[in-house]
Asker: 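There's a structure below that I have some questions on.
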Number of protein chains: 2
Amino acid sequence: MPVGLQPEELRRIDGLVASRRRLKRREALFHNGEKFESLFAIRTGTFKTCVASEDGRDQVTGFQMAGEILGLDGIVSDQYNCDAVALEDAEVCVIPFGSIETLSREVPALQRHIHQIMSREIVRDHGVMLLLGSMRAEERLAVFLLNLVQRLHARGFSRSELLLRMSREEIGSYLGLKLETVSRTLSKFAEDGVLDVQQRHLRILDAQALQRMVNP
Amino acid sequence: MPVGLQPEELRRIDGLVASRRRLKRREALFHNGEKFESLFAIRTGTFKTCVASEDGRDQVTGFQMAGEILGLDGIVSDQYNCDAVALEDAEVCVIPFGSIETLSREVPALQRHIHQIMSREIVRDHGVMLLLGSMRAEERLAVFLLNLVQRLHARGFSRSELLLRMSREEIGSYLGLKLETVSRTLSKFAEDGVLDVQQRHLRILDAQALQRMVNP
DNA sequence: CGGGCCATTGACATCCATCAAAGCGTGTGG
DNA sequence: CCACACGCTTTGATGGATGTCAATGGCCCG
């Protein structure tokens, strides 16, 4: 949440949270087509969002963790335009969008914050397009892992150790690769001494080598 | 712009336009890293937006035409996060973002409109991710052409004829393909009687066939 | 009218997908 | 609490779609 607010403003922003909701692993927070009413702020847990084409293919569009916002895609058409699914037991704050709009008319810092959140998502998406459009499998995975560990580190976790909450298939969907390619590439990183891979437990042994794959 | 406004509100929204700016083909409206101050509404002409990775690769993230908004990616960090370049001579309205924020606190319909524009961009980006992550070259190109012609049709142009403002390389960058693949795929569509291709002049001969490539 | 950019086309290489099989973990129910 | 089954992951063999390199040709703009 934004900084530099009056206590009074802060109190009102806190008041936006209408309720909390707990989800179990694999439970959907919302589905594509469902009526849009609220944004959700993740308190704990990890989510994935996915879109599907009419012929059944689907694509993971992102992985979200504590502090990040879900539901922005619903604003435009008054219905959610993707599925959001918990990858582990999770808890979210439910924030009715109408209340956000009302309060952000009175609290410029909140208004600014909302705009920034949406803009940040747009910039992130453009980065993913760059990845999907022009990188090779190893680079994609390196970018993915570095991004993940950086976000985890910002939340107080290790800079080098991580527990993947998503399957190889979900990673592959996000990165535009098949699950076998994800698995093979992880194995290659392990062979090269860049990673230690124990199922979903990863340990980054040579962060600079990963960096170099992105920035050769 | 939104509908159902009071004349007074409409007048004030019109007043947001600080100036207009004309651009020549290949001229940049803004560059990555430049200070963000305004959004731009396209009056005439076509633009591309592109992002670049540090090692020089770049990726076209979209093609924009009359009525669409450029610059949303700049909000988050107070500087533009992509390049926007005119693909033909063009004219835009310059809309200072500060004024938008101020006025949208007083005019809920404007506030809502801004939110929808940003949300629409997010949804569009997710669609592109689906395309880049899971479609084959022919499907990508079919989706691209159908989208383009639909947007042109909404602006009063033909439902079947179009003049590409972008090169094969730019299309390829957008679709995650090499220019040769774009060219070959267009040639194949022509052989199959789906398209007539005369350099950048395209004519869709069998729209249903294109549709079926997307939705098999 | 000419030069340079853009597009087309061919031959070949490469990366990743596909198909297949086996191993490992996890969690679930008896 | 243990055992089994299922899902997830790994790994191998093979093929196909697209990238790469190269040469030619056409169009547009200056």
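When reading the values below, keep in mind they use all heavy atoms of this one structure, side chains included, and skip hydrogens, waters and symmetry mates. This structure is a prediction, so every number in the text was calculated from the model and none was measured.
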Asker: Should A/S187 be listed as having a side-chain N or O under 4.0 Å from OP1 or OP2 of D/dT11?
Answerer: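 So the side-chain polar atoms of A/S187 do come within 4.0 Å of the phosphate oxygens OP1 or OP2 of D/dT11, strictly under.
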
Asker: Check whether any side-chain N or O of B/R200 sits under 4.0 Å from OP1 or OP2 of C/dA7, and answer yes or no.
Answerer: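 Affirmative; the distance criterion is met.
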
Asker: In terms of the angle between their ring planes, are A/F36 and A/Y80 parallel, tilted or perpendicular, with boundaries placed at 30° and 60°?
Answerer: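 Judged by the thresholds at 30° and 60°, the geometry between A/F36 and A/Y80 is perpendicular.
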
Asker: From CE of B/M213 over to P of D/dA17, roughly how many Å is that when rounded to an integer?
Answerer: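 One finds 12 Å between P of D/dA17 and CE of B/M213, rounded.
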
Asker: Quick one: B/E139 CD to D/dA17 P, roughly how many Å, whole number?
Answerer: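 About 12 Å, once rounded to whole Å.
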
Asker: Nearest-Å distance, CG (B/D196) to P (C/dT8)?
Answerer: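 About 12 Å, once rounded to whole Å.
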
Asker: Quick test of your reading of the model: are B/E68 and B/R124 salt-bridged, counting only N-O distances below 4.0 Å?
Answerer: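 Answer for the salt bridge query: no.
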
Asker: Mind calculating the distance between CD (A/E88) and P (C/dT26) to the nearest angstrom?
Answerer: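 The answer, rounded to whole Å, is 16 Å.
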
Asker: Round to the nearest Å and state the distance from A/R57 atom CZ to C/dA17 atom C1'.
Answerer: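 About 14 Å, once rounded to whole Å.
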
Asker: Verify the distance criterion only: is there a donor paired with an acceptor across the side chains of A/E138 and A/T185 at less than 3.5 Å?
Answerer: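 No, no side-chain donor-acceptor contact under 3.5 Å.
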
Asker: Atom CZ of A/R168 to atom P of C/dG25: distance rounded to whole Å?
Answerer: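 So the CZ-P distance, A/R168 to C/dG25, works out to 13 Å.
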
Asker: For A/R200, does the CZ atom have more than 12 heavy-atom neighbours from other residues, nucleotides or ligands under 6.0 Å away?
Answerer: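 Atom CZ in A/R200 is packed in, count exceeds 12.
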
Asker: Report for the helix from C/dC1-D/dG30 to C/dG30-D/dC1: angle between first-end and last-end helix axes, five pairs each, rounded to 10 degrees.
Answerer: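 That helix gives 50° between its end axes.
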
Asker: Counting heavy atoms not belonging to B/Q116, are there more than 12 under 6.0 Å from its CD?
Answerer: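 Atom CD in B/Q116 is packed in, count exceeds 12.
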
Asker: Does B/E88 have more than 12 heavy atoms from other residues, nucleotides or ligands lying within 6.0 Å of its CD?
Answerer: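 Yes - once you tally the heavy atoms of other residues, nucleotides and ligands closer than 6.0 Å, there are more than 12.
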
Asker: Let me know the distance between CE of A/M166 and C1' of D/dG7, rounded to the nearest Å.
Answerer: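 Atom-to-atom, A/M166 to D/dG7, this comes out as 18 Å.
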
Asker: Atom CG of A/L141 and atom C1' of C/dC15: how far apart are they, to the nearest Å?
Answerer: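 After rounding, the gap between these two atoms is 15 Å.
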
Asker: Is the count of non-hydrogen atoms from other residues, nucleotides or ligands lying under 6.0 Å from A/R26 atom CZ greater than 12?
Answerer: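 No, because the 6.0 Å sphere around CZ of A/R26 holds 12 heavy atoms or fewer from other groups.
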
Asker: With a 4.5 Å cut-off on side-chain heavy atoms, are A/F63 and A/E170 touching?
Answerer: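 A side-chain contact under 4.5 Å exists here.
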
Asker: Spell out protein contact along nucleotides 18-28 of chain D as letters: B when the base is contacted, S when just the sugar-phosphate is, - when no protein heavy atom is under 4.0 Å; keep the 5' to 3' order.
Answerer: SSBB-----S-

Asker: Looking across every strand, which nucleic acid part, if any, lies under 4.0 Å from B/S167 by heavy atom: base, sugar-phosphate, or nothing?
Answerer: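 Contact class for B/S167: sugar-phosphate only.
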
Asker: For B/F30 and B/F40, I'd like to know if the aromatic rings sit close, meaning centre-to-centre distance below 6.0 Å.
Answerer: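 Judged by ring-centre distance (under 6.0 Å), B/F30 and B/F40 do meet the cut-off.
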
